[in-house]
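When reading the values below, keep in mind they use all heavy atoms of this one structure, side chains included, and skip hydrogens, waters and symmetry mates. Owing to the predicted nature of the structure, the values given are computational and were not obtained by experimental measurement.
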Amino acid sequence: MRPRAWLGILFAVLIGSLPAAVRAQGNLDIDSPSIAALRGSMQQRHAQLAPLYASGAVGLAADGTVALRDASGVPLAQRAQLNGLVAAENADRIALYREIARANGHPEWEADVRKTFAQRWIERAQAGWWVQSGGNWARK
């Protein structure tokens, strides 16, 4: 077997032996028209969600979604809008994870991309926001 073929096999073995999250993590900044559209939609929605993160009504869940954590501070008349914001954000987040995995040519990485993003969202959460860890909520 030629040396170049051995290098290919060695590379495939090394990449395959890396934890899936590590493999996926290197490609999180990949872009495509659908990824750009999802990120744009999420950025626009963030202005509405930021005060809800700060108040504790919405928190960053450990599974890479956002969750309605405590709606008691939100007037009853605005709770339907709040639920809609959370649902729209989660739909975009799930689509983003799927599109990033697909753009990398590895749709099977979707769960790992989601896990990595969940960790990133929580690490980058602003002080005072609520984040979920181990099933419990804590103020960062």
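A donor-acceptor distance shorter than 3.5 angstrom exists from the side chain of Gln132 to the backbone of Ala62, with no hydrogens or angles considered. Formation of a donor-acceptor pair under 3.5 Å by the Arg139 side chain with backbone atoms of Gly128 is found in this model. Formation of a donor-acceptor pair under 3.5 Å by the Arg79 side chain with backbone atoms of Val74 is found in this model. Side chain of Lys140 to main chain of Ala125: a donor-acceptor pair is present (N/O by atom type, distance under 3.5 Å, no hydrogens or angles). No donor-acceptor pair closer than 3.5 Å links the side chain of Tyr97 to the backbone N or O of Asp112.
Closest approach of Ala71 and Leu68 over heavy atoms only: CB-CD1, 3.9 Å. Between Ile30 and Ala103 the shortest heavy-atom distance is CD1-O, 3.3 Å. Between Leu28 and Ile100, the shortest heavy-atom contact is O-CD1, 3.8 Å. Considering every non-hydrogen atom in both Ala101 and Trp109, the closest pair reads CB-C, 3.9 Å.
A salt bridge links Arg102 and Glu99; the closest N-O separation between the charged side-chain nitrogens and carboxylate oxygens is under 4.0 Å. Look at Arg39 and Asp92 and you find no salt bridge, because none of the NZ, NE, NH1 or NH2 atoms lies under 4.0 Å from a carboxylate O.
Both Val86 and Leu38 belong to a common hydrophobic cluster when Ile, Leu, Val, Met, Phe, Trp and Tyr are linked at side-chain heavy-atom distances under 4.5 angstrom. Connection of Leu52 to Val66 is established within a shared hydrophobic cluster, with ILVMFWY side chains joined at heavy-atom distances below 4.5 Å, either directly or through further cluster members.
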side-chain contact (heavy atoms from CB on, under 4.5 Å) evaluation trace for His46 with Tyr53: CA-CA 10 Å; His46 182 73; Tyr53 293 136; 4.0 Å; yes

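Donor-acceptor pairing under 3.5 Å is recorded for the side chains of Ser41 and Arg45.
Taking the side-chain contact (heavy atoms from CB on, under 4.5 Å) definition, one finds that Ala118 meets it with nothing, sequence neighbours left out. Applying the salt bridge (Lys or Arg N to Asp or Glu O under 4.0 Å) rule to Asp63 yields the partners Arg114; only residues at least two apart in sequence or on another chain are considered. Taking Ala87 as the reference, nothing meets the side-chain contact (heavy atoms from CB on, under 4.5 Å) condition, with sequence neighbours excluded.
At a threshold of 4.5 Å between non-hydrogen side-chain atoms, the residues Leu96 and Phe117 count as touching. The shortest side-chain heavy-atom distance between Gln81 and Gln48 falls under the 4.5 Å cut-off.
For the pair Arg124 and Trp129, the NZ or CZ position fails the cation-pi test of under 6.0 Å to the six-membered ring centre and within 45 degrees of the ring normal.
Once rounded to the nearest 0.5 Å, the distance linking CD1 of Ile94 with CD of Glu89 reads 10.5 Å. Rounding to the nearest 0.5 Å places OG1 of Thr65 at 9.0 Å from CG of Leu60. One distance of note links CG of Leu49 with CE of Met42; it measures 9.5 Å at 0.5 Å rounding.
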